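For the numbers below, each heavy atom of this structure counts, side chains included, while hydrogens, waters and symmetry mates do not. First the proteins, then the strands, lettered A, B, ... as listed; each starts at 1. Just so it is clear, the model here is predicted, and its values are computed rather than measured.
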Amino acid sequence: MPLFSETGSTTILEPLPFADWQQRPAWPAVSLANTDPVEDLAPHVGRLRLIVLSFPKFSDGRAYSQARLLRGRLGYTGELRATGGVLQDQLPFMLRCGFDSFESDQKGFGEALAKTRTLFSVVYQPAEDDRATASLLRLSRRNVHPAV
Amino acid sequence: MPDTHFYQPKHFYQYDDYDRALVGERVEQFRDQVRRRIAGELTEEQFKPLRLTNGLYLQLHAYMLRIAIPYGTLSSRQLRKLADISRKYDRGYGHFTTRQNLQLNWIKLQDAPDALAALADVDMHAIQTSGNCIRNVTADHYAGAAVDEIEDPRIWCEIVRQWSTLHPEFSFLPRKFKIAITGSPNDRAAVRVHDIGLRLWANEAGEVGFEVIVGGGLGRTPMIGKTLREFLPRDELLAYLEATLRVYNRYGRRDNLYKARIKILVHEIGAEKMREEVEAEYAAIKDGALKLPAETIEAIARQFAPPPLPHRPAVVAEVEGLKLEDRDFALWLKSNVAPHRMAGYRIVTASLKPAGAPPGDASAVQMEGVADIADAYSQGEIRVSHEQNLVLPHVAVEDLPAVWRALGRLGFAEANVGKITDIIACPGLDYCALANARSIPVAQRISNHFAELARQHDIGDLKIKISGCINACGHHHVGHIGILGVDKNGVELYQLSLGGDVDFGKTAIGAILGPAVTADKVVEAVDALVHTYLDARSDGERFVDTYRRIGAQPFKERVYAAV
Ligand code: SF4
């Protein structure tokens with residue numbers, strides 16, 4: 001399946017399914033089912049270069065939580081890939097949850113990815129992309145213009 | 001008419017540039033998605049969650065657009081715009097729902113983006129009014145005006161609205177997710193039957209916080225929510241919600257549509273285990289970015305500061321006189337007018353249930369009429385109640401006769417709020433593809449049968465709720481009398497249940513009375529129930545109190561003798 005990323009760089013490492021990887025945890029690439037416990041990767045995140053999270057159907061959103069835990073809680077900084085039901089209209093959510101590469105066979109996916117960050121100039125909630133929320137921007141605006 | 005209403009100060013949250021930008025960008029995103037759907041680039045399966053999370057639902061005959069009315073609060077300007085949109089893109093009327101939304105039943109797909117853009121003009125949207133995501137947050141419709149209020153729940157609804165809008169992690173949940181907030185001990189928001197219910201209360205130290213209730217809901221498996229947290233400090237609300245939603249997103253069932261709500265997760269793993277999971281997740285995030293700075297809370301709270309109402313007399317000779325002269329006015333004062341936190345004011349409910357009308361429907365002309373009345377007599381503000389009525393929150397006692405007459409001209413002054421004809425009914429087989437049976441015509445027949453106002457007032461408080469199928473959109477489980485449409489070999493039948501309630505502390509799921517009855521016998525059955533009550537009641541007892549005292553048997557005997 002075609003692979004996309006905003007920077008164009010993706011690793012060629014072959015990910016092992018979680019059960020196999022547990023036998024060989026030194027291998028730097030792993031692929032998780034959306035029911036696998038991401039917490040178990042905690043001791044290894046520094047070494048991992050690729051984690052693949054799966055969307056069995058695009059409407060099954062469990063991997064969004066896995067992604068946020070990997071990035072936000074475990075501090076994983078390597079490539080985080082979405083695979084399975086990956087469609088361009090999920091990209092705003094996926095980017096915010098910390099995904100940075102995508103397997104998708106949807107036509108026009110690459111063009112859509114290039115435009116995703118232009119769709120919304122405002123976000124309301126803190127996530128893994130470290131964008132300043134509307135509420136934070138309001139606070140700093142108020143501090144600059146205390147009268148407002 | 002001059003546009004004076006544009007300059008009226010508002011007493012609830014007003015969008016700033018950030019809110020406007022987001023809603024506008026969302027409309028443009030959806031416009032592109034609709035274009036791609038029409039061009040065949042998106043399959044219906046792919047398009048479905050996109051249109052649902054923009055409020056567009058495919059019904060029996062056409063698309064339905066469900067517009068969010070956050071915490072049920074509208075300005076007169078917004079209500080006029082809704083009238084406008086219903087005229088331009090629909091058939092000139094709309095339907096107010098039990099979740100403080102407005103539904104337009106005849107929208108064309110290609111018009112939907114323009115209708116949404118028109119909504120955005122008045123700072124409104126249809127975001128997340130459908131689909132498996134966090135839905136429009138509902139609140140007490142008396143918020144900011146009620147005598148018994150501890151704190152205005154809409155402050156918190158707005159904070160939750162922003163946090164939940166386009167939440168990147170929680171836009172593909174196992175199932176829909178509904179949150180309700182009340183700021184009064186007398187719960188008017190039904191917090192025990194929501195996925196999450198939040199109740200503001202003050203502890204012994206005088207601090208205000210939330211009781212967090214999780215896993216309530218109606219539908220095919222009705223359940224009363226469990227208290228996960230007795231007292232949550234207010235500034236930790238979002239962290240606690242995020243923790244709860246994360247546990248649900250990860251562990252909620254996805255194998256069976258009917259077992260996917262959070263109530264099933266809570267039921268299957270138990271409230272204790274659920275609490276452990278949520279508290280553990282919460283402990284990990286509670287001091288992070290979701291903690292609400294006092295300044296942020298204050299800035300939003302300021303926008304809900306009550307309107308500076310001038311002093312008006314609490315006792316007015318004209319009102320007292322009219323009460324003696326006109327029986328209908330006297331009855332209306334009793335049922336449709338509630339106390340206000342200021343002595344010279346009242347909260348007025350405009351009944352959208354005149355005898356024989358479909359519950360909750362309003363034409364464009366009626367919407368505009370209510371907007372005019374709100375401008376003249378209620379600070380330009382209107383509320384939508386979950387009982388499908390409209391509320392004028394700040395009416396001076398002196399103005400009650402004028403408001404009553406004006407509402408009467410619109411057909412909205414029926415003195416039946418809380419009475420047997422103030423029926424909640426889902427759209428049913430007339431609109432809904434999932435229905436087993438008609439709901440609205442049943443409501444209309446009951447309403448006609450009991451139309452006589454003096455009789456309604458004699459019968460007293462009685463809530464009838466009707467759903468066209470087990471999905472329970474008409475909340476039949478919590479009706480004093482619940483009516484559920486069932487299908488038996490292609491025949492529409494109605495199952496009756498008694499004793500449901502949503503009042504706080506008394507929340508109960510109704511018990512099924514006996515075999516279902518045919519459509520032409522529903523009115524007789526309800527009539528038999530009412531007569532059983534009238535014969536058996538003791539002083540001051542409501543229908544549901546008598547039922548609780550004497551049990552189902554006497555009701556059952558009389559109903560099945562009659563049908
Ligand atoms: S209760 Fe059933 S029939 Fe009524 S609106 Fe809901 S799904 Fe449709």
Side-chain angles (χ1 to χ4, degrees), chain A residues 34-35 37-39 55-69 72-73 85 87-99 106-108 112 115-116 118-143 146 148, chain B residues 16-26 28-30 32-33 36 41-43 45-50 53 131-133 159 161-174 238 242 245-252 254 281 284-285 288-293 295-297 299-300:
Chain A
N34 69 5
T35 48
V38 281
E39 286 85 350
F55 292 80
K57 287 188 292 198
F58 69 84
S59 54
D60 183 340
R62 281 177 273 205
Y64 292 106
S65 288
Q66 289 179 311
R68 289 201 65 192
L69 289 170
R73 178 114 7 120
L87 299 169
Q88 69 172 79
D89 294 293
Q90 291 148 265
L91 279 169
F93 300 133
M94 288 184 167
L95 288 176
R96 297 218 64 213
C97 287
F99 287 100
Q106 192 182 23
K107 214 173 115 235
K115 274 196 290 195
T116 298
T118 66
L119 290 178
F120 291 100
S121 62
V122 179
V123 295
Y124 276 139
Q125 52 295 98
E128 308 315 319
D129 54 356
D130 293 328
R131 287 181 68 181
T133 62
S135 153
L136 269 182
L137 294 171
R138 286 172 185 136
L139 267 184
S140 54
R141 206 195 240 184
R142 238 172 266 131
N143 293 338
V148 182
Chain B
D16 64 10
D17 319 346
Y18 298 116
D19 304 300
R20 263 182 216 119
L22 186 132
V23 169
E25 287 160 358
R26 175 69 168 186
E28 291 319 305
Q29 181 195 35
F30 187 55
D32 181 58
Q33 289 163 344
R36 285 189 280 132
E41 293 168 31
L42 284 171
T43 65
E45 196 212 348
Q46 294 168 340
F47 181 59
K48 189 175 168 191
L50 307 177
T53 50
N132 295 334
C133 53
I159 288 171
R161 183 191 75 82
Q162 295 188 22
W163 162 78
S164 62
T165 297
L166 308 192
H167 197 297
E169 184 179 346
F170 306 135
S171 289
F172 293 92
L173 294 170
L238 293 185
E242 184 139 310
L245 265 296
R246 182 168 293 153
V247 169
Y248 171 54
N249 191 42
R250 295 184 76 187
Y251 306 118
R254 293 176 189 257
E281 184 57 38
I285 59 177
L290 284 169
K291 186 149 188 145
L292 287 158
E295 262 184 282
T296 298
I297 300 172
I300 291 186

Is [X] close to chain A through its backbone or its side chain, or both, or neither, when contacts mean heavy atoms under 4.5 Å?
X      : result
B/D19  : both
B/Q46  : both
B/L22  : both
B/P293 : side chain
B/L292 : neither
B/E45  : both
B/S171 : side chain
B/R26  : both
B/E295 : both

Against chain B, label [X] side chain, backbone, both or neither, depending on which of its atoms sit under 4.5 Å from a heavy atom there.
X      : value
A/L119 : both
A/Q106 : side chain
A/A127 : side chain
A/R68  : side chain
A/L69  : side chain

remark   = Note: A/P56 and A/N34 closest approach over all heavy atoms is CD-ND2, 3.4 Å
request  = For the residue pair B/L166 and A/P92, establish whether any side-chain heavy-atom pair is separated by less than 4.5 Å.
outcome  = no
ask   = Is there side-chain contact between A/T133 and A/Y124, with at least one heavy-atom pair below 4.5 Å?
value = no
ask   = Is the shortest side-chain N to carboxylate O distance from B/R250 to B/E281 below 4.0 Å?
value = no
ask   = Do B/Q33 and A/D89 have a side chain donor and acceptor closer than 3.5 Å?
value = yes
ask   = Does the ring centre of B/F170 sit less than 6.0 Å away from the ring centre of A/F93?
value = no
key: chain B contacts, top residue of A/K57, A/Q88, A/Q66 (heavy-atom pairs, under 4.5 Å)   = A/Q88
